[in-house]
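The analysis underlying the following values was restricted to heavy atoms, covering all of them including side chains, and did not include hydrogens, waters or symmetry mates. The residues of the chain are indexed from 1 along the displayed sequence. Atoms within each ligand, like the ligands themselves, are counted from 1 in listed order.
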Amino acid sequence: MSLKGKTAVVTGSNSGIGLGIAEELARAGAQVILNSYTDDPEDHDLAARIAREHDVNCRYIQADMSKGDRCRALIEEAGGCDILVNNAGIQHVAPIPDFPVEKWDAIIAINLSSAFHTTAAALPHMRKRGWGRVVNIASAHGLTASPFKSAYIAAKHGIVGLSKTTALETAEEPITCNAICPGYVLTPLVEAQIPDTMKEYGMDRETVIRDVMLARQPSKDFATVEQIGGTTVFLCSEAAAQITGTTISVDGGWTAL
Ligand code: NAD
């Protein structure tokens, strides 16, 4: 599978799943734009490493995905793109009555509204280029719910809906839009949930991993960033040209339960 000549923008890609997706797209030959809200030397070093290791162009563009104008500016600063991966995301765990309003607003902005803004900015470029792939990173929590994650689950269900609408608006063009729904992947975002979940359930770390996180993942194994990256590359392939407006679960059987 070669993505030579294609440019990919991956939001929230200096860590975790986004970085894994960027690596797999680069391995397939795509030019990659990395992004996050920071602007540290390490962010630019990461882009230089990916460029060197995969012999592709790769650069880092700072843009805070909680701000609609910065989401749109990211796409323009990239010069448009052929592949847009909306991956940036944050999490907060609390019961609804105690859920901080600013966390609700931030999660909806970063996990959902950012994808609306980047898609709005990217589609005209894809139409000009006559080809496009939008891959939204939703979650098993885009299809099912769990307690204490109201904002995240609302945003992830929202992004599944946005993916379907984007697919219908581009259905007669060589542009597709789909959502990948990962189960648990051991990334910094998941690591950060462990202490709060330990507190909510009064459990130790190992018990939270086995009995809470992987309780609903029948494989009893975390999915990997390489697997999410590989699924993204597949959705960019010719074999996936008629796959649009759907969800692909990479969740060890979670949503089969
Ligand atoms: P992570 O914390 O490792 O990565 C999140 C990325 O988003 C980072 O690069 C971070 O810098 C970036 N980000 C956060 N706020 C941002 C902002 N305001 N502007 C720009 N970038 C910002 O987490 P992850 O687990 O790799 O999560 C990536 C995506 O995958 C998220 O959308 C998450 O909801 C989804 N997901 C993760 C899992 C999992 O188990 N890890 C499961 C299902 C879905």
Side-chain angles (χ1 to χ4, degrees), residues 9-24 32-40 42-43 46-47 50 60-75 77 85-93 102-103 105-115 117-118 135-146 149 151-160 162-163 179-194 197 208-209 212-214 216-217 219 221-229 231-232 247-252 254-255:
V9 171
V10 185
T11 71
S13 47
N14 65 351
S15 149
I17 291 174
L19 179 56
I21 291 171
E23 294 256 17
E24 293 309 312
V32 181
I33 310 293
L34 299 182
N35 153 263
S36 186
Y37 59 93
T38 52
D39 199 10
D40 297 330
E42 301 84 68
D43 295 324
L46 204 51
I50 290 178
Y60 179 85
I61 301 179
Q62 186 276 344
D64 182 346
M65 292 294 105
S66 69
K67 313 251 184 307
D69 56 343
R70 290 300 295 141
C71 297
R72 290 171 189 255
L74 167 66
I75 302 301
E77 286 171 34
V85 183
N86 287 305
N87 167 79
I90 59 168
Q91 174 64 287
H92 187 79
V93 179
E102 64 278 9
K103 290 283 183 195
D105 290 343
I107 290 172
I108 298 299
I110 296 168
N111 296 23
L112 176 58
S113 302
S114 68
H117 292 293
T118 54
V135 179
N136 292 325
I137 305 306
S139 168
H141 280 133
L143 303 169
T144 64
S146 300
K149 297 183 177 177
Y152 186 85
I153 286 163
K156 293 300 185 183
H157 276 69
I159 206 155
V160 168
L162 176 66
S163 306
I180 297 178
C181 295
Y184 274 106
V185 185
L186 195 55
T187 64
L189 180 140
V190 168
E191 274 294 342
Q193 286 176 54
I194 294 175
T197 314
V208 160
I209 290 177
V212 180
M213 293 184 159
L214 298 182
R216 292 169 71 182
Q217 201 144 309
S219 65
D221 205 358
F222 286 105
T224 68
V225 300
E226 290 79 10
Q227 290 160 358
I228 310 300
T231 306
T232 303
T247 56
I248 298 192
S249 292
V250 184
D251 66 2
W254 178 333
T255 43

Q. Going by heavy atoms in the side chains, are Q91 and V93 under 4.5 Å from each other?
A. yes

Q) Do S114 and R70 meet the criterion of a side-chain donor-acceptor pair at a distance under 3.5 Å? A) no

Q: Check whether any heavy atom of Q91 sits under 4.0 Å from an atom of ligand 1.
A: no

(Q) Looking only at protein heavy atoms, which one is nearest to atom 23 (O) of ligand 1, and what is the separation? (A) L189 CB, 3.0 Å

Q) Considering S13, P182, S15, which one's heavy-atom position lies nearest to atom 1 (P) of ligand 1? A) S15

Q. With backbone taken as N, CA, C and O and side chain as the heavy atoms from C-beta onward, which portion of I90 lies under 4.0 Å from ligand 1: side chain, backbone, both, or neither?
A. side chain

**Q.** Nearest neighbour in protein (non-hydrogen) for atom 26 (O) of ligand 1
**A.** I17 N, 2.7 Å

Q. How about N136 and S163: does a side-chain donor come under 3.5 Å of a side-chain acceptor?
A. yes

**Q.** Within-cut-off N or O pair, Y152 and ligand 1, under 3.5 Å
**A.** yes

Q. Which bit of H141 is near ligand 1, meaning a heavy atom under 4.0 Å away: side chain, backbone, both or neither?
A. neither

Q.
Return the closest protein heavy atom for atom 16 (C) of ligand 1 as residue, atom name and distance.
A. Y37 CD2, 3.3 Å

(Q) Quiz question: by atom type and distance under 3.5 Å, do the side chains of D221 and S219 form a donor-acceptor pair? (A) no

Q) Purely on distance, is any nitrogen or oxygen of A140 under 3.5 Å from one on ligand 1? A) no

Q | Separation of D251 CG from T144 OG1 (nearest 0.5 Å) | A | 8.5 Å

Q | Gap between atom CD1 of I33 and atom CG of L74 - 0.5 Å precision | A | 8.0 Å

Q.
Using a 4.0 Å cutoff against the non-hydrogen atoms of P188, which atoms of ligand 1 qualify?
A. 3 (O)

Q.
Quick check: G18 and ligand 1, any N/O pair under 3.5 Å apart?
A. no

Q) For atom 24 (P) of ligand 1, what's the nearest protein heavy atom and its distance? A) T187 OG1, 3.4 Å

Q. So is N87 in contact with ligand 1, going by heavy-atom distances below 4.0 Å?
A. yes

Q. When you measure from atom 40 (O) of ligand 1 to every protein heavy atom, which one gives the shortest distance, and what is it?
A. V185 N, 2.6 Å

Q. Are side-chain N/O atoms of T118 and N86 paired as donor and acceptor at under 3.5 Å?
A. yes

Q) Considering only heavy atoms of V190, which atoms of ligand 1 have at least one such atom less than 4.0 Å away? A) 39 (C), 40 (O), 41 (N)

(Q) Just so I know, are the side chains of Y152 and H92 near enough to count as touching, which here means a heavy-atom distance under 4.5 Å? (A) no

Q.
Under a 4.0 angstrom heavy-atom cut-off, which atoms of ligand 1 come close to D64?
A. 17 (C), 18 (N), 19 (N)

**Q.** Close side-chain approach of Y60 to L46, heavy-atom, < 4.5 Å
**A.** no

Q) With atoms numbered from 1 as shown, which atoms in ligand 1 lie under 4.0 angstrom from a non-hydrogen atom of S36? A) 10 (C), 11 (O), 12 (C), 20 (C), 21 (N), 22 (C)

Q: Would you check whether S139 has a nitrogen or oxygen atom less than 3.5 angstrom from a nitrogen or oxygen atom of ligand 1?
A: no

Q: Could you tell me which residues satisfy salt bridge (charged side-chain N to carboxylate O under 4.0 Å, His left out) with D43, sequence neighbours excluded, listed by chain and number?
A: none

Q: Could you tell me the residue and atom name of the protein heavy atom closest to atom 8 (C) of ligand 1, and the distance to it rounded to 0.1 Å?
A: N14 OD1, 3.6 Å

Q | Side-chain heavy-atom pair L214, I209 within 4.5 angstrom cut-off | A | yes

Q. Heavy-atom distance to atom 19 (N) of ligand 1: which of Q217, M213, M65, K67 wins?
A. M65

Q | Partner residues of H117 under the side chain to side chain contact (heavy atoms under 4.5 Å, CB included) criterion, sequence neighbours left out | A | C71, R72, S113

Q: Can you pull out the closest protein heavy atom to atom 5 (C) of ligand 1? Residue, atom name and distance to 0.1 Å, please.
A: G89 O, 3.6 Å

Q. Considering only heavy atoms of I110, which atoms of ligand 1 have at least one such atom less than 4.0 Å away?
A. 18 (N)

(Q) With a 4.5 Å cut-off on side-chain heavy atoms, are V9 and I75 touching? (A) yes

(Q) Side chains of E191 and L186, heavy atoms from C-beta outward: is any pair under 4.5 Å? (A) yes

Q: Heavy-atom contacts with A63 under 4.0 Å: which atoms of ligand 1 show up? List them by number with element.
A: 19 (N), 20 (C)

Q. With only distance considered, is Y184 within less than 3.5 Å of ligand 1 through an N or O on each side?
A. no

Q: Check whether any side-chain heavy atom of I180 sits under 4.5 Å from a side-chain heavy atom of T232, and report yes or no.
A: yes

Q | Heavy-atom nearest option to atom 44 (C) of ligand 1, drawn from G183, A223, A138, C181 | A | A138

Q: Could you list the atoms of ligand 1 found under 4.0 angstrom from a heavy atom of G16?
A: 3 (O), 26 (O)

(Q) Once rounded to the nearest 0.5 Å, what's the spacing between atom CG of N87 and atom CG of N111? (A) 9.5 Å

Q) Are side-chain heavy atoms of M65 and N35 found at a separation under 4.5 Å? A) yes

(Q) Would S114 count as a contact residue for ligand 1, given that I'm defining contact as a non-hydrogen atom of the residue lying under 4.0 Å from a ligand atom? (A) no

Q. Does ligand 1 have an atom that lies less than 4.0 angstrom from a heavy atom of G20?
A. no

Q: Provide, to 0.1 Å, the distance between atom 12 (C) of ligand 1 and the closest protein heavy atom, together with that atom's residue and name.
A: G12 CA, 3.5 Å

